[in-house]
Amino acid sequence: GSKNANDLTADSRSNTSSEDDKELPASEKSLLQKIVRTGLITSKHDIEVQRQDPKSPLYSIKSFELLKLHPNLLKGVYEMGYNAPSKIQETALPLLLANPPQNLIAQSQSGTGKTAAFVLAMLSRVDPEHQYPQVVCLSPTYELAIQTGEVAAKMSTYCPNIRLRYAVRGEDVEKGSKIEEQIIVGTPGKVLDWATKYKFFDPKKIKVFVLDEADIMVDTQGHQDQSFRIRKLLPETCQMMFFSATYTEDVMRFANAIAPMSVIIRLKREEETLDNIKQYYVNCNNKEDKYNALVNIYGGVTIGQAMIFCQTKKMALWLVNQMVEQGHAVALLSGELTVQQRISVLDRFREGKEKVLVTTNVLSRGIDIEQVTIVINFDLPVTVTREPDYDTYLHRIGRTGRFGKKGIAINLVSGHSDHILLKHIEEHFCKPIECLNTDNADDME
Ligand code: ADP
């Protein structure tokens, strides 16, 4: 596994789930995280700043008012429920809005406010009087581009003259015509085609170039090259904004090539902890027994929602079928669903339409849904060599600081080998895992 906690990419690669349950691609994980997110991830860490040009100004702001935004833009920001800048925004926004423009490389985990920061900067740099593209924002996938575009649309509710065009699959521009929207949000290949092959816009007129989810781009064939080729078409004076959730050597090489002489800001990942989690185990003889324990637990829980993790897709399916047969409303999130299906499963769960979500290792980290009060390990997480998978255990059960709420984790164990795994997990985290008797309702309180 990876020792660098900031390195989500390496981290997710080390996640060894069973072979019939493939890991989701990073771009899909990122998308799902955006969709299930209910708010900012707050961080106790301090921003680290590195300046390649010591003359570049540096300060942080504690309120959006201090940014001297256009009143209509400020109104949009407040209407989105943003009262104060997030930690990353405190430092990033003054730089992004500075004159003369500064290049910025920013790294922080997903959910810390990067998108909101660059969308605000994009919107405030646009001159709505001109009807041609002035901002280009690259995202690694269709879905991520749409997510960004939707944030821009919301934030610009009171700026009716600012318009956005998606450069993604399925979008077409009439041959020989010119794009009039001021902002283009799209995927690298499509944007490159529109700039070079079709000349739908003049790249020399671009003032702001944003590269989002750079770590995913680095891992996608062709994206780096396409991004460079777009970059080369831009004027010297174009402001470069580069965002990534991780900080690997590959990402930084890419960053420095796209955005030279940048101010680099980083915010350390907020680690998950088991501090507020009460951990239990239930002795079971077999999977039917586990199922009964589960139903007892489910019956005993009146508030909140539960997430149940299985090690294989097959087990998850079996469990869901059992539950549905007995009339329980359960949702299943598994690897073979399409992106749209996954979004709808998670939306329904977040809205409380189902109280229980059964899932495999497709998404251990990231489904940090506030209402989830109980996490049940139907199977203990193990690596391919059947060692205890501590990272996955922590991601499934641990919470980041943001909710500060208490949670309950219940491990269903059957057989000697499970007990050994459990002992290892207990020792690894130095936190007791207590025995729970599900026949006794009093134990459940
Ligand atoms: P990232 O791009 O780093 O993943 P986002 O910009 O998508 O982060 O922000 C994460 C979540 O927090 C989103 O739901 C967003 O609407 C919300 N958010 C962003 N900035 C603020 C803020 N200043 N105050 C409150 N919520 C915010």
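Along the sequence shown, the residues carry numbers beginning at 1. Both counts, for ligands and for their atoms, begin at 1 and track the order of listing. The structure presented is a predicted model; accordingly, all values stated were derived computationally and were not measured.
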Sole candidate of Leu164, Ile184, Val126 that passes side-chain contact (heavy atoms from CB on, under 4.5 Å) when paired with Pro133: Ile184
Going by the atom numbers of ligand 1, which of them fall below 4.0 Å from some non-hydrogen atom of [X]?
X: Ser86; answer: 23 (N)
X: Phe64; answer: 23 (N)
X: Ala84; answer: 22 (C), 23 (N), 24 (N)
X: Ala116; answer: 6 (O), 19 (C), 20 (N)
X: Ser110; answer: 4 (O)

If the threshold is 4.0 Å, N to carboxylate O, is there a salt bridge linking [X] and [Y]?
X: Glu180; Y: Arg165; answer: no
X: Glu79; Y: Lys154; answer: no
X: Lys190; Y: Glu171; answer: no

Mind checking whether [X] has an N or O less than 3.5 Å away from an N or O of ligand 1?
X: Ser108; result: no
X: Pro85; result: no
X: Thr115; result: yes

Heavy atoms only: give me the nearest Phe242-Val251 pair and the separation to one decimal. CZ-O, 3.8 Å
Classify the contact between Met80 and ligand 1 as side chain, backbone, both or neither, using a heavy-atom distance cut-off of under 4.0 Å. neither
Does atom OH (Tyr166) have a neighbourhood of more than 12 heavy atoms from anything else shown, all under 6.0 Å? yes
Taking the six-membered ring for Trp and the full ring for Phe, Tyr or His, determine whether the centres of Phe429 and Tyr393 are under 6.0 Å apart. yes
